[in-house]
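One-based numbering, in listed order, for ligands and for the atoms of each. If you're wondering where the values come from, they're calculated on a predicted model, not measured in any experiment.
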Amino acid sequence: MTLTPKSRLIIALDVTDRTEALSIAEKLGGAVDAIKVNYPLVLVCGLGIIKDIKKYANVIADFKVADIPNTNSLICRETFEAGADAIICQGFVGKDSVKACVDVANKYGREVYVVTEMSHPGALDFLQPHAFELVDLAFRAGASGIIAPATRPERLVDIRCRAGDMKILSPGVGAQGGDARKAIDAGADFVIVGRSIYNAEDPYAAAVNFIEQLRR
Ligand code: NUP
């Protein structure tokens, strides 16, 4: 699949209980553009959880792959074999490592998204000064898009200018303080929301509320 903006909402399913994960996926899968899985869920349930979630939505594997090219290729192959539609990798390891992910993704007809500036405060230590170089690297390696912070909409504006046609997925909405609408207005194509949805009393209502904000 190719990630296409409809609701513009991606849920980060960082729960660590299989039954809860599948229940949220079943309820929200039809409403969101993708479900993002990360280590907390996969370490508990195994890679097989991707196939189970795929019944309800596109799946992005947020494994922040950050190794030598050969190891990155092996990780991507197993992740795509498990059914993931896209994988997230780190760019700081260099172009050859990112390109290794893209090559495998192309074989499977899947996508790679590269982390540029992260959404947490610690991103200012090392990543922010190199964020534009990471955007350029993602483009040159042939990635479909990048990850950039909803917590800093002013940075999203600059990153959008630099990113050309690449898609921008933006985490940091809600629990980390970012605003969904502001992130889209600043240039993101999708927002990623985790705790503000899965910890809500009614996750479906919370997701619908975000989707309405994104539609305005
Ligand atoms: O820069 C990033 N920030 C971030 O929060 C890159 C990410 N991949 N994430 C992920 O997005 C994070 O690991 C989590 O899975 C999700 C945000 O969750 P929440 O803060 O909305 O609960």
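Between D62, L13, L169, it is D62 that holds the heavy atom closest to atom 8 (N) of ligand 1.
Looking only at atom types and distance, the side chain of Y113 has a donor-acceptor partner in the side chain of K167 under 3.5 Å away. For the residue pair Q176 and S119, a side-chain donor N or O sits within less than 3.5 Å of a side-chain acceptor on the partner.
When only non-hydrogen protein atoms are considered, atom 14 (C) of ligand 1 lies nearest to D14 OD2, 3.2 Å. Considering only non-hydrogen protein atoms, atom 21 (O) of ligand 1 sits nearest to G194 N, 2.8 Å. The nearest protein atom to atom 13 (O) of ligand 1, hydrogens excluded, is given as N38 ND2, 3.0 Å; this is a heavy-atom distance. The protein non-hydrogen atom at the shortest distance from atom 6 (C) of ligand 1 is P171 CG, 3.7 Å.
Contact annotation: for Q176 versus ligand 1, heavy atoms closer than 4.0 Å belong to the side chain alone. If you look at S119 next to ligand 1, the close heavy atoms, those under 4.0 Å, come from the backbone and the side chain alike. Here K36 has side-chain heavy atoms under 4.0 Å from ligand 1, and that is the only part of it that gets that close.
Taking NZ from K36 and CG from L41, the interatomic distance works out to 10.5 Å, rounded to the nearest 0.5 Å.
D136 and R140 are not joined by a salt bridge, as no carboxylate oxygen comes within less than 4.0 angstrom of a charged side-chain nitrogen. Ion pairing of D189 with R160 is present here, as a side-chain N (NZ or NE/NH1/NH2) and a carboxylate O approach within less than 4.0 Å.
Distances below 4.0 Å separate heavy atoms of A12 from the following atoms of ligand 1: 15 (O), 16 (C). For ligand 1, the atoms sitting less than 4.0 Å from at least one non-hydrogen atom of M118 are 1 (O), 2 (C), 6 (C), numbered in the order shown with element in parentheses. Atoms of ligand 1 found under 4.0 Å from any heavy atom of R195, numbered from 1 in the order shown, are 19 (P), 20 (O), 21 (O), 22 (O).
A cation-pi arrangement is absent between R162 and F139, since the terminal nitrogen or guanidinium carbon is not both under 6.0 Å from the aromatic centre and inside a 45° cone about the axis.
Linking ILVMFWY residues whenever their side-chain heavy atoms come closer than 4.5 Å, directly or via other members, places V135 and I168 in the same cluster.
The heavy-atom pair separating Q128 from R152 by the smallest distance is NE2-CD, 3.8 Å.
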